[in-house]
Amino acid sequence: MKKGLFFLIAGLMSFCSIIFATSAVDVPVTYKTSIIGGGIIGALESYYAYKDAQENGEKLCITVYEKDHFFGASNTAYNIVPSLTIDEILSVVPRGSALVEKLAILFNKPGGIRVDDVSGVNDSESAIKFKEAVAIYGSDKNHADRTLALLMLGKKSMDLWQQLYDEGDEELKAILEASNFNPCREPRNDSEKLLHDGYRIDLIYDIPDAQTRALAMKADYEKLGYKNCTLLSPDEVMAIDPYLTGFCYEHSELTANSHRIWKSDSIALWRPGGCIDTRAFLPKFYAYLQKVMGQYIDSENQIHDCFQIQFGKEVSGVEFHANADKLHIIGLKFIDGTSQMDENAEIETCYIFCPGESIGTLHHLGFNEPVYAGFGGASLFMTIPLSPDQIARYKDFSHCMEVHNEGIVLAWQARFKENAIFIGVAGTKAFYGDKQPNADEAFAKNRNLVQLNMVNHVLPQFISLACGYDTKGKTLNAEDLSFLEESGVAYRWVGRRAVAYDGFPTIGALYHNNCKVSNARCTTHLGSGGVSFGPGAVFISRNSDHNINDAFIEKVLMYSDSRRIAE
């Protein structure tokens, strides 16, 4: 009897699980979205679309088309160590006459961004148009207002990053924590200054009158409502982060009462800022989306994932259809000869273009696009193995910051990770026009060596471990960098940031021959702010077709219009 009852209960449970599984997928798809670009913006566009569908009780199907064959091949967000700040997007395009001045100076000189060893960088048609547009933009009377709008967009994005964590389920929270997510927000501990609580230490050194620069940064943050910004003394820095003790000693001097004060070319700023490890985050976030979005059954009774990313699918063309009512996209063509068409589909697809570092994509696919260019940027990653004694000593090491030197700002993450010290830095730019930089060119080699020496200047204890000798106070050379690469400690990368002539993102409606495309929009041209500004840019883009009476959204959409020209 008991045995029979057991099999009856087991059978009922099995039957119920089948019914539940079928009902979970046997829900008609309400709408479909195709996203072109599998970077951070494509991921965030997917997430917010999923959240909206979930709240509205709708079934959504998303396909992301990514030109690379795997994460990290050329994806900029994956290959940098992003700060989360309100102003990171401002760091790429020199304005007006400043661009002309900086292009006259080689990239390895203070303030220089010129590259001479790559053919066509400075004299291609797109490079010439870009320089002309930037020169015109330099006299634009709305320049200051654009900058303020960007800072406000940065603040909105920082709030959304925090909201992503606060409202996420336990799995998403765990993904963010495993990805070294540090928020940029007001501290929640009012009694003392602590790392990893919305604020961080930024270092400025070897810059004349460093305090003036720090105070200008502080004023920007306070203008946006951050109330805890302050300059830190060397003693305060060492108390908050003892690993910076050596740096503080080198760049300060003792007063008569034995307190330390900074030398005139150095300062530390306590400012709102965080970070995220996108190498860890992006693959996990895409896998999370596939899991939580579930599956659906098509008209032929086949089960499919509601979310998928297809690698190796570079879009080579767009099929348009126009009738009396609207101009819309009916399909995509791919460089591999395949296509995706939905002309006769029961559900029209929405197309979102997020091409990231692929400059000129909108133009090449037949859309209006503001004048654009690419700026090369180098990254350096180091994983330094530790002995058991060293593991015990450094297991609590973790900080993020920006380090400012003359003409250089490095985004910086350094922490104990998997029984090793991980240090990642990215920053320094050079004008690359429409060319793609590579790691064997002079720019990448030189900038990676500069980055290594800056890390050694701040954290020589770890570079000494990596090199096998005491590197404190020494200038490392190309042989040192090659040794670290060959030993598997260092990894060098160089890529591109795509920007419009005014440094503003391109967000919202797309136009073909100045005619609005009814079922497409874009979120692109974020330069160095792709990760920091991602949530805010996606928020604005998703509201571009809604009649929202919001002055801030309307202003950002005006400045980010894909039809804009310098005048």
Side-chain angles (χ1 to χ4, degrees), residues 68 72-76 78-81 91-95 97-135 356-361 364 371-382 405-411 424-456 475-486 490-501 503 527-528:
D68 288 337
S74 65
N75 185 287
T76 299
Y78 182 91
N79 286 290
I80 58 177
V81 285
S91 64
V92 178
V93 183
R95 294 174 179 83
S97 60
L99 178 74
V100 177
E101 294 168 5
K102 289 177 178 292
L103 279 172
I105 306 170
L106 283 174
F107 65 84
N108 57 357
K109 305 296 181 182
I113 60 171
R114 183 180 180 88
V115 169
D116 276 346
D117 65 323
V118 179
S119 176
V121 161
N122 296 295
D123 54 8
S124 68
E125 181 181 359
S126 64
I128 292 170
K129 287 182 177 179
F130 181 81
K131 288 183 280 188
E132 290 173 348
V134 173
E357 75 280 350
S358 297
I359 56 170
T361 294
H364 298 318
V371 176
Y372 56 83
F375 280 72
S379 302
L380 179 66
F381 300 89
M382 286 176 283
N405 205 325
E406 188 64 48
I408 300 171
V409 179
L410 293 189
V425 293
T428 79
K429 307 294 187 299
F431 181 69
Y432 260 80
D434 58 4
K435 303 301 179 182
Q436 178 70 44
N438 71 66
D440 293 325
E441 290 165 353
F443 167 71
K445 290 180 177 179
N446 177 275
R447 296 296 90 178
N448 285 145
L449 185 56
V450 168
Q451 291 166 343
L452 176 62
N453 275 291
M454 289 179 70
V455 175
N456 186 54
T475 299
L476 303 180
N477 56 35
E479 287 71 27
D480 292 305
L481 182 56
S482 294
F483 167 77
L484 294 176
E485 278 192 275
E486 292 164 4
Y491 170 72
R492 299 191 306 113
W493 184 84
V494 64
R496 188 168 59 182
R497 281 73 163 151
V499 295
Y501 67 90
S528 281

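Note that these values count all heavy atoms, side chains included, but never hydrogens, waters or copies made by symmetry.
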Can you find a heavy atom in the side chain of [X] that is under 4.5 Å from one in the side chain of [Y]?
{"X": "V450", "Y": "N405", "value": "no"}
{"X": "D117", "Y": "F443", "value": "no"}
{"X": "D480", "Y": "L449", "value": "no"}
{"X": "M454", "Y": "L410", "value": "yes"}

Check against side chain to side chain contact (heavy atoms under 4.5 Å, CB included), F381 and V81: CA-CA 9 Å; F381 300 89; V81 285; 3.6 Å; yes
How long is the gap from [atom1] on [X] to [atom2] on [Y], to the nearest 0.5 Å?
{"X": "N108", "Y": "N446", "atom1": "CG", "atom2": "CG", "result": "5.0 Å"}
{"X": "R447", "Y": "E441", "atom1": "CZ", "atom2": "CD", "result": "14.0 Å"}
{"X": "L380", "Y": "Y491", "atom1": "CG", "atom2": "OH", "result": "11.0 Å"}
{"X": "R497", "Y": "E357", "atom1": "CZ", "atom2": "CD", "result": "9.5 Å"}

Quick check: closest heavy atoms across [X] and [Y], and the distance to 0.1 Å?
{"X": "G495", "Y": "P437", "value": "O-CG, 3.2 Å"}
{"X": "A133", "Y": "Y501", "value": "CB-CB, 3.6 Å"}
{"X": "A439", "Y": "K445", "value": "O-CG, 3.8 Å"}
{"X": "V121", "Y": "A127", "value": "O-CB, 3.4 Å"}
{"X": "G120", "Y": "D434", "value": "O-OD1, 4.4 Å"}
{"X": "G427", "Y": "Q451", "value": "O-NE2, 3.1 Å"}

Residues V499, K429; criterion side chain to side chain contact (heavy atoms under 4.5 Å, CB included); working and verdict: CA-CA 12 Å; V499 295; K429 307 294 187 299; over 6 Å; no
Donor on one side chain, acceptor on other, S379 and N79, under 3.5 Å: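 There is no such pair (donor and acceptor under 3.5 Å, judged by atom type) between the side chains of S379 and N79.
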Working for side chain to side chain contact (heavy atoms under 4.5 Å, CB included), residues L484 and L476: CA-CA 11 Å; L484 294 176; L476 303 180; 5.6 Å; no
N453 side chain to T475 backbone, donor-acceptor under 3.5 Å: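 Side chain of N453 to backbone of T475: no pair is present.
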Side-chain donor/acceptor of R496 to backbone N/O of K435, under 3.5 Å: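 It does hold such a pair.
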Test side-chain contact (heavy atoms from CB on, under 4.5 Å) applied to L99 - qualifying residues, sequence neighbours left out: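 L99: side-chain contact (heavy atoms from CB on, under 4.5 Å) contacts with P94, L103, I113, F130, K131, V134, F375.
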With sequence neighbours excluded, residues passing side chain to side chain donor-acceptor pair (under 3.5 Å) with R492: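 If we apply the side chain to side chain donor-acceptor pair (under 3.5 Å) test to R492, skipping adjacent residues, the hits are N448, E485.
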Side chain to side chain contact (heavy atoms under 4.5 Å, CB included) between F483 and N477, intermediate numbers included: CA-CA 10 Å; F483 167 77; N477 56 35; over 6 Å; no
